[in-house]
Amino acid sequence: MKPWGAIPAPQFNLRLTLESGQVFHWVPEGDGYCGLIGERPVRVEQVGQELRVTPGTEEAVARYFALDHDLEAICASFPADPTMAQAAAFCSGLRLIRQPLWECVATFLTSSMKQVAHIRQMSHALRQRFGRSIPGWGVAVYPEPERLARATEAELRGCGLGYRAKHLLGTARSIAEGAVDLEALRALDDAEALAELCRLPGVGPKIANCALLFGYERLRAFPIDVWIERVLRRSYFARKRKVTAGQLREFAANAFGPYGGYAQQYLFHHARSQPRAGGGVKTSATRRAP
DNA sequence: ACCCAGGGGCAAG
DNA sequence: CTTGCCCATGGG
């Protein structure tokens with residue numbers, strides 16, 4: 001009997017998906033990754049068009065990595081332009097992960113102004129310090145809002161959060177005391193859910209859209225950060241001088257269709273993987289030219 | 001609408 | 001080793 005469960009995974013690229021800035025707690029191990037899906041420890045490795053996973057986690061893994069998303073239909077819905085085509089080709093097999101809500105909101109809250117390496121460090125520090133640890137497993141469960149609500153700002157700063165400590169504490173308390181109910185937001189439309197998320201301290205339009213996209217599976221959500229802003233200005237507003245944030249938002253909402261979030265993720269990851277584009281090199285996959 | 005604090009890893013000097 | 005870059009949110 002095989003020591004793993006097998007899942008067919010056509011049109012899927014595990015490495016690309018896990019290293020595209022969606023989640024920050026998976027640890028490379030051998031030719032695969034160890035991590036958690038919610039509270040469940042999982043090891044996953046891709047061999048060709050098959051995933052080999054911890055036995056019993058097949059269903060959770062398939063759902064987490066959204067293997068049911070129809071990538072062909074999604075890519076076919078994108079606007080037909082060279083920028084989009086290049087990004088889609090570069091990101092072939094990249095899927096949007098279905099993340100647990102609280103973990104998603106909290107992690108993206110801490111991501112503001114931070115590079116991937118540091119977001120990863122903060123995530124692991126918070127997990128180790130406040131989360132339930134699993135014997136024999138290198139990654140601990142992300143701490144519940146109730147647990148973080150009992151922490152002090154100084155303790156959170158001790159996890160490397162800096163000024164984000166205050167925001168995470170405030171947000172954890174809002175949720176722990178029921179001022180905002182993340183589960184209940186599932187019933188709202190995109191705009192209403194966005195507004196509710198923005199009530200949380202440290203959560204603005206960018207992070208709220210990340211939560212909509214990665215947590216609530218609102219595949220139209222289009223988070224705009226400076227990387228995406230550069231792509232949009234360069235590729236879609238090349239002739240215009242003054243383009244306001246509002247114009248960019250409006251354009252993004254209309255031009256990329258029902259799967260705009262996928263388009264955004266592909267444009268984002270492609271842009272960040274270009275060597276020295278815009279000065280900062282951020283992803284672990286990028287390397288400087290010799 | 002504009003301006004700037006804030007924080008620490010990391011690349012560059 | 002030291003300097004400067006990164007770049008979301010909130011508050012003035």
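Sequence lines set the chain letters: A, B, ... in the order given, protein chains first and strands last, and positions in each chain run from 1.
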> Given C:dC7, is OP1 or OP2 found less than 4.0 Å from the side-chain N or O atoms of A:R230?
Replying inline: yes

> Does the side chain of A:E217 pick up a donor-acceptor pair with the side chain of A:H69 at under 3.5 Å?
Replying inline: yes

> Are any of A:R157's side-chain N or O atoms less than 4.0 Å away from OP1 or OP2 of B:dG7?
Replying inline: yes

>> Quick check for you: among B:dG9, C:dC7, C:dT9, whose closest atom lies nearest to any side-chain atom of A:W227?
In response: C:dC7

> Atom CZ of A:R272 and atom P of C:dC5: how far apart are they, to the nearest Å?
Replying inline: 18 Å

> For A:Q247, does the CD atom sit with more than 12 other heavy atoms under 6.0 Å from it, leaving out its own atoms?
Replying inline: yes

> Is a side-chain N or O of A:Q264 found less than 3.5 angstrom from the main chain of A:Y262, in a donor-acceptor match?
Replying inline: no

>> From CD1 of A:I119 over to P of C:dC7, roughly how many Å is that when rounded to an integer?
In response: 11 Å

> Rounded to whole angstroms, how far apart are NZ on A:K206 and C1' on C:dC7?
Replying inline: 10 Å

>> Using the side chain to side chain donor-acceptor pair (under 3.5 Å) criterion, which residues pair with A:W102? Sequence neighbours excluded.
In response: none

> Over how many whole Å does the gap from A:L169 atom CG to C:dT9 atom P extend?
Replying inline: 19 Å

> Under 3.5 Å, is there a donor-acceptor pair between the side chain of A:T17 and the main chain of A:N13?
Replying inline: yes

>> I want to verify a distance call: between B:dG8, C:dT9, B:dG9, whose nearest atom is closest to the A:K114 side chain?
In response: B:dG8

> Starting at CZ of A:R164 and ending at P of B:dG7, how long is that distance when rounded to a whole Å?
Replying inline: 8 Å

> Where the side chain of A:M113 is concerned, which of C:dT9, B:dG9, B:dG7 is the nearest nucleotide?
Replying inline: B:dG7

> Given the P atoms of C:dT9 and B:dG9, what is the spacing between them in whole Å?
Replying inline: 22 Å

>> Applying ring-ring contact (aromatic ring centres under 6.0 Å, His included), can you list everything that pairs with A:F237, at least two apart in sequence or on another chain?
In response: A:F251

>> Among B:dG7, B:dC10, C:dT9, which nucleotide has an atom closest to any side-chain atom of A:A117?
In response: B:dC10

> So what does A:I224 touch, heavy atoms closer than 4.0 Å: a base, only the sugar-phosphate, or nothing?
Replying inline: nothing

> Among C:dT9, B:dG7, B:dG9, which is the nearest nucleotide to the side chain of A:I207?
Replying inline: C:dT9

>> What is the separation between atom CD on A:Q115 and atom C1' on C:dC7, rounded to the nearest whole Å?
In response: 10 Å

>> Rounded to whole Å, how long is the line connecting atom NE2 of A:H118 with atom C1' of C:dC7?
In response: 15 Å

> So, the side chain of A:R164 versus the backbone of A:S112: is there a donor-acceptor pair under 3.5 Å, distance only?
Replying inline: yes

>> Only Watson-Crick and G-U wobble pairs, only distances under 3.5 Å, only runs of 3 or more: what stems does that leave for DNA chain B?
In response: B:2-5 with C:9-12, B:8-13 with C:1-6

>> Which nucleotide wins on minimum distance to the side chain of A:V226, given the candidates B:dG8, C:dC7, B:dG7?
In response: C:dC7

>> Distance check needed: C:dG11 C1' versus A:K166 NZ, whole Å only.
In response: 10 Å

> Once you round to the nearest 0.5 Å, how far does CG of A:D31 lie from CG of A:L14?
Replying inline: 11.0 Å

